[in-house]
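Proteins come first, then strands; the chains are lettered A, B, ... in the order of their sequence lines, and each starts at number 1. The model shown is predicted, which means the values in this text are computed figures rather than measured ones.
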Amino acid sequence: MAISLYNTLTRKKEILTTIEPNKVRMYVCGPTVYNKAHIGHAMSALVFDVIRRYLEFRGYEVQMAMNFTDVDDKIIKRAEELNVDPFELAEGYIEDYKKNLEDLNILPATYNPRATQEIDQIIRMIEGLIEKGLAYPLEGDVYFRVRMAPDYGKLSGRNLDDMRVGVRKEADDRKEDPLDFALWKAAKEGEPSWESPWGKGRPGWHIECSAMNFHIFGDSIDIHGGGNDLIFPHHENEIAQSESFTGKPFARYWVHNGMLQLRGEKMSKSIGNIISIDEFLTLHSADSFRYLILNSSYRNPIIFSTEAIESAEKGLDRLRSALKPAAVSATGASVQITAALNDQMEKTESEFIAAMDDDFNSAGALGTLFELVRVINFARDSGASADQLGSAQMLMKKLTGVFGLTLESAAANKSDTAEPFIDLLVSLRQEMRKQKNWALADQIRDDLAALKVVIEDTREGSSWHWA
RNA sequence: GGCGACGUGGCCAAGUGGAUAAGGCAUGGGUCUGCAAAACCCUGAACAUCGGUUCAAAUCCGAUCGUCGCCUCCA
C-alpha cells in the first residue's frame, strides 16, 4: 500500500514518492506575525501536523520547516501604531504563536526559519535572478519579470492575459508589467532595512520562502503546504523564483488546506470575523478543535460554530469511553467476545491506514475508530477483563495518538489538589447510598456536577471524572 | 470576466461505476440503575435539479441552480 495525496499542481491524487527514500522534506507557510493568531491559522498548522504525524507513523523521517514572516508592511504599520520596535513586536507574536501551537498539541517543526535571518541568502538569490535576466532593479526595488518565467501560472491554472490587473489594487506603471512582483523593497526613512546592492531595503514577501527552502533543503523539496488562499500569488511566485534560480523543480507535491469559515465567510483578519487561538482555548479544549478538523476533509472549507465544537466534545467523550477500565468484578468475557474484539482491531487498523493513505482521509479513519469503540464497550459490558481489553485500548491510544488527540478531560478548571477531596466526597456518598439516604446522595452528585465533576455509579461502586 | 473547489438523512460527514450508501451529533423505544449518568441493544430518515453515457450512476459527461475560495495582504 502506498500513500496518495492530492497535488494542487496536477489537480489529481498522486502516489507519494520522495526524493530520498523514507524521508520527507516538507515546508509549510507560517504566519505573518503582526497580530495574535486565529483559529484559521490553527487549522492550517493542525492539518499539516496530522500529515506529519501520519507520515512518521508510516515510517518516514519527516523534516519539517515552518517559517515566520517577521518583516513586512503590516508589521511595520502596526509597530508604528503601537509605537514599538517592529522586531520586538514580531518577536512577541512569534513566542505567542509557538505557545499556541504547543497548547494545541502541534509538534514543533524541525526548523522555524525567519525572513530576517535569511537576508544574505535572499540577496544572493535576487542577484542570481538579475544575472539571468529574470529580475530588474527599479529605484531601489527589485522586481521579478513574470513573463520571463516559462510556465508561470502552472500552479493556479491561470493565464496571464486573463487576469484583471489593477482592478482592486492600483497598478504601478513604473513596472515593466503590472504583474511583476517585488523581490526587494527600498526602505523608507525609519523603516527596518538591510544593506543591499540596490540600496537599503527589505525582502519582498515571496522571496523569503524560496530562500529559506533553498537554504534548508536545497533545490527541491517533497511537500510544500499552506492554506489554499496562498496558491495565487504567493506559491505561484515562489515556484517562479525558485525554479528560475535553480533550474530544477521546486516542490514535488503542493498540498493546500481549505479555509475555516465563520458566519459564511473565510475567517480573516481583514474581514474581522476572527476568533483567536487564545480565546478559543479559554472556552474549549485543544482536542475539540482537532476533532472538528479531523472529522472533515482538509481540502474543503470547514464551518466553525459553537454547535460544531459542542458536537466535537461529545464525539471525544465517546472516544474516551473506550479507554475506561474493565469492571472491577469482571470475570472475563467469552471466546466469541474476545474474537470479535480481535477481528475489530485488525479491521480498524487496516481501515484506518487505508483511509489515511488515501489523501489523509481522517474523517473516514475516524469512522473506523468509532467502530472499535463500540466493540470495546460491548466487551467491557460483557465482563471482559482488563487484560482482555488491554490490547484494543492500546490500539485506540496508538491511533488517536497518530491524530494528535490527547483524549484528556476537557475541563478547564480541573485541579489535582482537589482530587483527594472529591474522592472523599464520593466515598462518603457511597455510605449514604448504602443507608439509602438518596436525597443527600443526589445532592452531592448534583453539587459536584455543577463543579464539573461527574459521578457515575456502577455495580462495583462509584467513579468520577472531570466533565 | 477568468481559475478552482463543492452540494449525501435534522446537523456534521465517509463513500467516486454494481454496497444492506460508513461513522459522529441530535431524535424515539428498550436493557441496566434507588433515581440519574455512562454503556449496550433496537429504530426512523439522505445522494441539489434536469438531461446524457452505460446492462448498471451518489460516483462518469453536459446544462441549470446554489455555496465557498483565489485573481489585493491572507493559513
Side-chain angles (χ1 to χ4, degrees), chain A residues 6 8 11 28-32 34 37-48 66 69 72-74 77 153 156-159 161-170 179 205 225-234 236 256-261 264-271 291-292 295-297 299-303 305 307-308 310-322 324 327 351 355 358 361-371 373-374 376-382 433 436-439 441-442 445-446 449 454-459 462-465:
Chain A
Y6 183 87
T8 308
R11 308 217 176 271
V28 179
C29 282
T32 301
Y34 72 101
H38 59 71
I39 54 178
H41 299 112
M43 170 179 172
S44 186
L46 207 151
V47 162
F48 291 99
M66 192 207 69
T69 300
D72 102 322
D73 292 350
K74 279 183 295 194
K77 183 163 170 264
S156 55
R158 266 156 234 263
N159 177 333
D161 299 313
D162 288 343
M163 285 191 273
R164 296 177 154 192
V165 172
V167 166
R168 296 211 227 165
K169 190 186 185 182
E170 218 170 292
L179 286 161
W205 175 36
N228 68 13
D229 54 348
L230 298 179
I231 294 171
F232 190 90
H234 184 54
E236 195 71 71
H256 293 100
N257 64 276
M259 294 292 104
L260 190 69
Q261 296 184 9
E265 276 180 304
K266 165 187 168 184
M267 183 171 293
S268 145
K269 288 173 194 169
S270 47
I271 297 169
Y291 182 102
L292 179 73
N295 192 34
S296 313
S297 49
R299 287 194 279 132
N300 292 341
I302 296 178
I303 297 168
S305 69
E307 295 73 45
E310 281 168 3
S311 169
E313 295 277 15
K314 299 233 174 83
L316 286 166
D317 275 341
R318 183 158 171 76
L319 289 178
R320 283 184 208 111
S321 73
K324 288 182 184 171
E351 285 182 356
D358 181 11
N361 177 0
S362 54
L366 194 55
T368 193
L369 236 36
F370 278 110
E371 288 176 31
V373 169
R374 190 185 64 244
I376 290 174
N377 286 338
F378 184 81
R380 186 194 304 97
D381 280 4
S382 309
R433 291 181 69 223
K436 300 203 191 299
N437 188 347
W438 308 126
D442 290 353
R445 185 171 63 198
D446 292 347
V454 179
I455 292 184
E456 289 174 13
D457 296 330
T458 67
R459 270 189 218 94
S462 300
S463 65
W464 68 271
H465 62 88

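B:A19 and B:A58 are spaced 12 Å apart, taking the C1' atom of each and rounding to whole Å. For the C1' atoms, the distance from B:C32 to B:A39 is 9 Å, rounded to whole Å. As rounded to the nearest Å, B:C47 and B:G7 have C1' atoms that lie 10 Å from one another. Distance check on atom P: B:A75 versus B:U43 gives 49 Å, rounded to whole Å. Nucleotides B:G15 and B:U8 are separated by 9 Å at their C1' atoms, to the nearest Å. When the C1' atom is compared between B:G2 and B:A57, the two are found 31 Å apart, to the nearest whole Å.
In this model, a side-chain donor or acceptor of A:Asp442 finds a partner on the base of B:G34 within 3.5 Å. No hydrogens or angles were tested; on distance alone, nothing pairs the side chain of A:Asp381 with the base of B:C32 as donor and acceptor under 3.5 Å. A donor N or O paired with an acceptor N or O is found under 3.5 Å between the base of B:C70 and the side-chain atoms of A:Arg158. Evaluation of atom-type donor-acceptor distances gives no pair under 3.5 Å for the side chain of A:Arg11 against the base of B:G4. With hydrogens and angles left out, the side chain of A:Arg445 and the base of B:C35 share a donor-acceptor pair within 3.5 Å.
Summarising the geometry, the separation between CG on A:Leu179 and P on B:C70 is reported as 18 Å, rounded to the nearest angstrom. Protein atom CZ of A:Arg433 is 9 Å distant from nucleotide atom C1' of B:C35, rounded to whole Å. Between A:Glu313 atom CD and B:C11 atom P there is a gap of 22 Å when expressed in whole angstrom units. Atom CD in A:Glu351 sits about 13 Å away from atom P in B:G15, given to the nearest Å. Here B:A36 presents its P atom at 12 Å from CG of A:Asp457, a figure rounded to the nearest Å. Whole-Å rounding puts the A:Glu456 CD to B:U33 C1' distance at 13 Å. Between the CE atom of A:Met259 and the P atom of B:C70 there is a distance of 7 Å, given to the nearest Å. Straight-line distance from the NE2 atom of A:His234 to the C1' atom of B:C73: 12 Å, rounded to whole Å.
Across all strands shown, B:C40 forms a Watson-Crick or G-U wobble pair, both distances under 3.5 Å, with B:G30. Across all strands shown, nothing is found opposite B:G9 as a Watson-Crick or G-U wobble partner with both distances under 3.5 Å. Checking B:C55 for Watson-Crick or G-U wobble geometry (two distances, each under 3.5 Å) identifies B:G18 as its partner. With a 3.5 Å ceiling on both atom-pair distances, the Watson-Crick or G-U wobble partner of B:G4 is B:C68. B:G62: Watson-Crick or G-U partner is B:C50, with both key distances under 3.5 Å. When both pairing distances are held under 3.5 Å, B:A45 makes no Watson-Crick or G-U pair with any nucleotide shown. Nucleotide B:A75 forms a pair with no other nucleotide shown, judged by Watson-Crick or G-U wobble geometry with both contacts under 3.5 Å.
In this structure, A:Lys77 does not reach the B:C73 phosphate: none of its side-chain N or O atoms is under 4.0 Å from OP1 or OP2. Between A:Lys314 and B:A26 there is a side-chain polar atom (N or O) within less than 4.0 angstrom of OP1 or OP2. In this model, the phosphate group of B:C68 is not approached by any side-chain N or O of A:Asn300 to a distance below 4.0 Å at OP1 or OP2. A:Thr32 has a side-chain polar atom (N or O) that falls below the 4.0 Å cut-off from OP1 or OP2 of B:A75. Distances shorter than 4.0 Å separate some side-chain N or O of A:Ser297 from OP1 or OP2 on B:A14. In this structure, A:Arg318 reaches the B:C40 phosphate: one of its side-chain N or O atoms is under 4.0 Å from OP1 or OP2.
Across all strands shown, A:Glu310 has no heavy atoms under 4.0 Å from either base or sugar-phosphate atoms. Note on A:Ser156: only backbone sugar-phosphate atoms sit closer than 4.0 angstrom, heavy atoms only; bases stay farther off. Within the 4.0 angstrom heavy-atom criterion, only backbone atoms of the sugar-phosphate kind lie near A:Tyr291; the bases stay farther away. Counting any heavy atom pair closer than 4.0 Å across all strands shown, A:Gln261 reaches sugar-phosphate atoms only and no base atom. Residue A:Ile231 is classed as having no contact, given no heavy-atom separation below 4.0 Å to the nucleic acid. Across all strands shown, A:Gly153 has no heavy atoms under 4.0 Å from either base or sugar-phosphate atoms. Note on A:Leu292: nothing from the nucleic acid sits closer than 4.0 angstrom, heavy atoms only. Looking at heavy-atom distances under 4.0 Å, A:Ile455 makes contact with a base. A:Asn228 comes within contact range of the sugar-phosphate backbone alone, with a heavy-atom separation under 4.0 Å but no base atom that close. Residue contacts shown for A:Glu265 are limited to sugar-phosphate atoms, with no base heavy atom under 4.0 Å away. At the heavy-atom level, A:Gly227 lies under 4.0 Å from the strands shown only through sugar-phosphate atoms. Residue contacts for A:Gly30: at a heavy-atom cut-off of 4.0 Å it reaches the sugar-phosphate backbone alone, with no base atom in range. Across all strands, A:Ala363 comes closer than 4.0 Å to base atoms (heavy-atom distances). Using a 4.0 Å heavy-atom criterion, one finds that A:Asn295 contacts the bases of the nucleic acid, with or without backbone contacts as well.
A stacked arrangement is assigned to A:Trp438 and the six-membered base ring of B:G34, with a centre-to-centre distance below 5.5 Å and an interplanar angle below 30°.
Taking the charged nitrogens against the carboxylate oxygens, A:Lys314 and A:Asp317 have no contact shorter than 4.0 Å, which rules out a salt bridge.
For the pair A:Lys324 and A:Glu307, nearest-nucleotide mapping onto RNA chain B gives the more 5' position to A:Glu307. Each of A:Asp317 and A:Asn159 lies near RNA chain B, and the nucleotide nearest A:Asn159 is the one positioned closer to the 5' end.
Listed nucleotides: B:A38, B:C25, B:C70. Nearest to the side chain of A:Phe232: B:C70. For A:Cys29, the side-chain atoms get nearest to B:A75 when compared with the rest of B:A75, B:C68, B:C41. For A:Lys266, the side-chain atoms get nearest to B:G69 when compared with the rest of B:C40, B:A14, B:G69.
In this structure the side chain of A:Leu46 never reaches within 4.5 angstrom of the side chain of A:Met43, judged on heavy atoms.
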